[in-house]
Amino acid sequence: MRDYQWILRGRCYKLGDDVPHADGVIPARFITDRETDPAVLAAHLFSLSDPGFAQRSKAGDIVVAGRNFGVGQKSTGYIAMQALGLGLLCESMPAQGYRGAINAGLRVLAPCAGITALCEHGDDLEVDFQTGCVVNHTRKTRMQAPALPLALRELVACGGNDAWLAHWWRQRQ
């Protein structure tokens, strides 16, 4: 966990409020098919609302969302974000969505009150998920968000629930 990259710096992809998980984050057919392969899902992240997103995004980029992000209890979009090396900041998201993001090993900060007012699409952001410090280098502003809870950091650093369980099991052998 010591070598894990808790600080991301990249381009801001700003979204609005009430972005649904199905068809907003990932096409619904991947949810109904119960697809979990990160390589398959990553290619389709935001494909209905922002075609080519997966090809344009780079590891370290930050998705910034408004209130009620990822409505729906599915984690396929979070698996795709984690596979692409992205981070996620949300004004708010349902508890099941937050749980899905953590279980997928996604670096996420929520709730981040006022985050959408801090940045615009394309801004250069730097986020420290351990401290909650968010810096907008484009606008020369910063804010303090709640940090990723200490109790969840090992789970995220291992790559999510399945990877953490495999790590835990190996340690006990």
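Positions are given from 1 along the sequence. Excluded from the calculations below are hydrogen atoms, water molecules and symmetry mates; all remaining heavy atoms, backbone and side chain alike, are included.
When each of Arg139, Arg9, Lys140 is checked for a salt bridge (Lys or Arg N to Asp or Glu O under 4.0 Å) with Asp123, only Arg139 meets the rule. When each of Leu88, Ile7, Leu8 is tested with Phe129 by the rule side chain to side chain contact (heavy atoms under 4.5 Å, CB included), just one qualifies, namely Leu8. Exactly one residue among Asp17, Asp18, Leu15 makes a side chain to side chain contact (heavy atoms under 4.5 Å, CB included) with Phe69. That residue is Leu15.
Taken from CG in Leu155 to CG in Asn103, the straight-line distance is 6.0 Å, to the nearest 0.5 Å. Residue Thr36 holds its OG1 atom at 13.0 Å from CD1 of Ile31, rounded to the nearest 0.5 Å. In this structure, the separation between OG1 on Thr76 and NE2 on His44 is 11.5 Å, given to the nearest 0.5 Å. In this structure, Gln82 CD and Arg107 CZ are separated by 7.5 Å, a value rounded to the nearest 0.5 Å. Note that CZ of Arg142 is 8.0 Å distant from NE2 of His137, once rounded to the nearest 0.5 Å. A distance of 13.0 Å separates SG of Cys158 from CH2 of Trp168, quoted to the nearest 0.5 Å.
In this structure, Glu91 contributes its side chain and Ala65 its backbone to no donor-acceptor pair below 3.5 Å. Asp23 contributes a side-chain N or O that, together with a main-chain N or O of Ala28, makes up a donor-acceptor pair within less than 3.5 Å. Looking only at distances, no side-chain donor or acceptor of Asp33 sits under 3.5 Å from a matching main-chain atom of Phe30. In this structure, Glu126 contributes its side chain and Asp128 its backbone to no donor-acceptor pair below 3.5 Å. Between the side chain of Lys14 and the backbone N or O of Cys119, at least one donor-acceptor pair lies under 3.5 Å. A donor-acceptor pair under 3.5 Å is formed between the side chain of Arg56 and the backbone N or O of Pro51. Put simply, the side chain of Gln144 gets close to the backbone of Thr131: a donor and an acceptor are under 3.5 Å apart.
The minimum heavy-atom distance linking Pro146 with Leu109 is given by the pair O-CD2, 3.3 Å. Here the closest non-hydrogen pair linking Val108 and Ala101 is CG1-CB, 4.1 Å. Thr141 and Leu118 get closest at one heavy-atom pair: OG1-CD1, 3.1 Å. Residues Leu106 and Met81 share a closest heavy-atom pair of CD1-CB, 3.7 Å. Closest approach of Arg153 to Ala147, counting heavy atoms only: NH2-CB, 3.9 Å. When all heavy atoms are compared, the tightest approach of Val134 to Ala145 is CG2-CB, 4.5 Å.
No continuous path of ILVMFWY side-chain contacts below 4.5 Å connects Leu48 to Leu41, so the two sit in separate hydrophobic clusters. In this structure, Val19 is a member of the same hydrophobic cluster as Tyr98, with clusters built from ILVMFWY side-chain heavy atoms closer than 4.5 Å. Follow the hydrophobic side-chain contacts under 4.5 Å out from Leu165 and you reach Val156 in the same cluster. Leu89 and Trp6 end up in the same hydrophobic cluster when Ile, Leu, Val, Met, Phe, Trp and Tyr side chains are linked at under 4.5 Å. Note on Ile62 and Met143: same hydrophobic cluster, where clusters join Ile, Leu, Val, Met, Phe, Trp and Tyr whose side-chain heavy atoms are under 4.5 Å apart, directly or indirectly.
A heavy-atom distance below 4.5 Å is not found between the side chains of Val64 and Tyr13. You'll find the side chain of Val135 stays beyond 4.5 Å of the side chain of Asp124, heavy atoms only. Inter-residue side-chain proximity for Ile115 and Cys90 is flagged as unmet; no heavy-atom pair is nearer than 4.5 Å. Considering only heavy atoms from C-beta on, Ser57 comes within 4.5 Å of Leu86 through its side chain.
Counting non-hydrogen atoms of other residues, nucleotides and ligands closer than 6.0 Å to CZ of Arg99 gives a total of 12 or fewer.
The aromatic rings of Tyr78 and His21 lie tilted to each other, with the angle between the two planes from 30° to 60°.
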